[in-house]
Q: 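Take this structure, written in structure tokens, and hold onto it; I'll ask about it next.
Keep in mind that this is a model prediction, so the values were computed, not measured.
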Amino acid sequence: MIALRLVALWAAAVVFPLPLMLVYEAIATEPVNLMQLVQFALIAYCWWLLAILLSVRPRWLDRFVGLPAVYRLHGVLGLGALVLAWIHHQNSYTSNALAQTLGDWGLYGTIATLCLAVFFLSGWLVDRSRILLAARRFLERTLMHHQVSIWLHRVNIVVVLLIWLHAHVLDRMNQYPVFMILFDANTVAVLGIYAWKKWIAPDRFVRGAVAANEPRGASTRRISIALDRADPAVRPGDFFFVSFPGSAAVGSERHPFSVTDDDQRTLTFTIRQHGDWTNRLGEVAVGTRANLEGPFGRFDDEVAAHDPDAPLVLLGM
């Protein structure tokens, strides 16, 4: 079943650009080689939009395939979009200086965003090199705190806006009003969903207050958060992105932690303190307000899919 779900997820990357591509192919009158380069650019643009949609971490999609699969597709979309954008950039031409400049900035922004994401927000490189891991930890302590790297990753939205404007100043594109209406509708819909989910939606956080904050040994802390109301969506083994916006010690950064009990009213997190942020968790006072994005995870489903009489072995990493 999970294999079919993964196929459906990856099929979305193929289907998502098709409406724009088919409409353009039906009405465009350019030479075939130029049309192919425009199609490459449309696929790249649609993949950027799809990556933005995935970045809001839809809970239904997490329950469907799991966040690791969503993140994997998100990374591949970014890399594939960059390759197609580079091919388009190297082989297409325009006499419009503004369009050229906007396209250049969009490409450079994409390269910068991908490099940032690969180094700071993924383990593609740092998990395979102690030197790179040490370099990332040093930069995160001095210059690129976690929340800063998250915000810089949103350069992807700036890239989308640059390419959107790039298409609008090109005469060869804006001569097709039906295509441009669909192009704009896709862009507005995706950015609207992103803005709603990230900053407006009233249910984007589960809210509560710290009920207990106790050490468990030298490097572990147990934090209990009493929710304002019980959350029936919580399953054993789920995780949340937790922040304490009212705490001066840790600020409003969100970090993922697993729930270590099965109480849907008071959530308990047993956290290993191994970084600058987690080492300051002891300063979070009882009563501090907490925001929790989630729940996420498929742990409960994975356990339920196995023989209930079989032994269950848990490895804490």
Side-chain angles (χ1 to χ4, degrees), residues 56-71 121 123 140 145-147 150 197-198 201-306 308 310-317:
V56 304
R57 294 191 283 257
R59 263 187 264 174
W60 67 269
L61 191 55
D62 164 64
R63 297 301 198 193
F64 190 65
V65 294
L67 274 190
V70 174
Y71 287 154
L121 301 178
E140 287 178 336
H145 297 294
H146 179 74
Q147 200 67 14
I150 291 292
K197 295 296 290 184
K198 286 292 186 181
D203 62 344
R204 66 192 183 104
F205 289 132
V206 177
R207 290 181 167 86
V210 175
N213 186 353
E214 306 164 338
R216 287 290 186 268
S219 62
T220 304
R221 183 159 291 275
R222 185 175 185 268
I223 298 179
S224 297
I225 299 176
L227 303 183
D228 293 345
R229 61 179 183 274
D231 187 352
V234 179
R235 297 289 181 268
D238 281 353
F239 66 94
F240 288 81
F241 288 84
V242 184
S243 64
F244 303 96
S247 171
V250 296
S252 58
E253 290 188 17
R254 286 189 300 235
H255 290 256
F257 300 111
S258 295
V259 177
T260 51
D261 61 16
D262 60 356
D263 190 339
Q264 295 179 333
R265 184 59 189 261
T266 299
L267 305 184
T268 300
F269 302 90
T270 306
I271 301 167
R272 178 170 172 252
Q273 297 176 274
H274 64 89
D276 292 341
W277 194 87
T278 52
N279 279 325
R280 298 195 300 269
L281 284 175
E283 302 175 45
V284 177
V286 172
T288 300
R289 296 295 296 172
N291 290 339
L292 303 96
E293 181 187 355
F296 299 105
R298 291 179 43 79
F299 182 78
D300 191 48
D301 290 343
E302 294 291 338
V303 172
H306 287 74
L312 179 65
V313 180
L314 307 180
L315 300 180
M317 302 190 59

Q: Quick one, Arg204 and Lys197 - any side-chain contact, counting heavy atoms below 4.5 Å?
A: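 When only atoms from C-beta onward are counted, Lys197 and Arg204 do not touch, as no gap falls below 4.5 Å.
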
Q: Working to the nearest 0.5 Å, report the span between NE2 of His255 and CH2 of Trp277.
A: 5.0 Å

Q: Which value, rounded to the nearest 0.5 Å, describes the distance between Arg207 atom CZ and Arg229 atom CZ?
A: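 Reported to 0.5 Å precision, the distance equals 9.5 Å.
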
Q: If you measure from OG1 on Thr268 to CG on Asp262, what distance do you get to the nearest 0.5 Å?
A: 10.0 Å

Q: Okay, side chain of Arg265, backbone of Asp228: is any donor-acceptor separation there less than 3.5 Å?
A: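 The answer is yes, because a donor-acceptor pair under 3.5 Å joins these two groups.
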
Q: Only one of Phe240, Phe64, Phe241 forms a ring-ring contact (aromatic ring centres under 6.0 Å, His included) with Phe296, so which one is it?
A: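 With Phe296 as partner, Phe240, Phe64, Phe241 yield a single ring-ring contact (aromatic ring centres under 6.0 Å, His included), made by Phe241.
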
Q: Strictly under 6.0 Å, is that where the ring centroids of Phe299 and Phe239 end up?
A: no

Q: Under 4.5 Å between any side-chain heavy atoms of Val70 and Asp62, yes or no?
A: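 The answer is no; the side chains never approach within 4.5 Å.
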
Q: Is there a side-chain contact between Val259 and Phe269 (heavy atoms, below 4.5 Å)?
A: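 With C-beta onward as the side chain, the pair touches.
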
Q: Quick check: do Arg235 and Gln264 have side-chain heavy atoms less than 4.5 Å from each other?
A: yes

Q: Hey, could you give me the CD1/CG distance between Ile225 and Asp263, rounded to the nearest 0.5 Å?
A: 12.5 Å

Q: Is any side-chain heavy atom of Ile223 less than 4.5 Å from a side-chain heavy atom of Ile271?
A: yes

Q: Ser252 and Ser243: which non-hydrogen atoms are nearest, and at how many Å?
A: O-CB, 3.6 Å

Q: For Phe257 and Thr278, what are the C-alpha separation, side-chain angles and deciding distance, and is it a side chain to side chain contact (heavy atoms under 4.5 Å, CB included)?
A: CA-CA 11 Å; Phe257 300 111; Thr278 52; 4.0 Å; yes

Q: Would you check if Asn213 and Arg221 make a side-chain contact, meaning some heavy-atom pair closer than 4.5 Å?
A: yes

Q: Got a second to check how far Ser224's OG is from Asp261's CG, nearest 0.5 Å?
A: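 Separation between the atoms: 7.0 Å.
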
Q: Does Leu292 reach the side chain of Leu227, with side-chain heavy atoms less than 4.5 Å apart?
A: yes

Q: What are the two closest heavy atoms between Pro295 and Asp231, and how far apart are they?
A: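 That would be CD-OD2, 3.8 Å.
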
Q: For Ala249, is there any backbone N or O sitting under 3.5 Å from a side-chain donor or acceptor partner on Ser247?
A: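 Yes.
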
Q: Does a side-chain heavy-atom distance below 4.5 Å link Arg254 with Phe205?
A: yes

Q: Between atom OG1 of Thr260 and atom CZ of Arg222, what is the distance when rounded to the nearest 0.5 Å?
A: 6.5 Å

Q: Minimum heavy-atom separation for Glu302 to His306, with atom names?
A: O-ND1, 2.7 Å

Q: Please determine whether a side-chain nitrogen of the Lys or Arg among Arg63 and Asp238 lies less than 4.0 Å from a carboxylate oxygen of the Asp or Glu.
A: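 A salt bridge links Arg63 with Asp238.
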
Q: Name all residues meeting the side-chain hydrogen bond (donor to acceptor under 3.5 Å, both in side chains) criterion together with Glu293; count only those two or more places apart in sequence or in a different chain, and write none if there are none.
A: Arg57

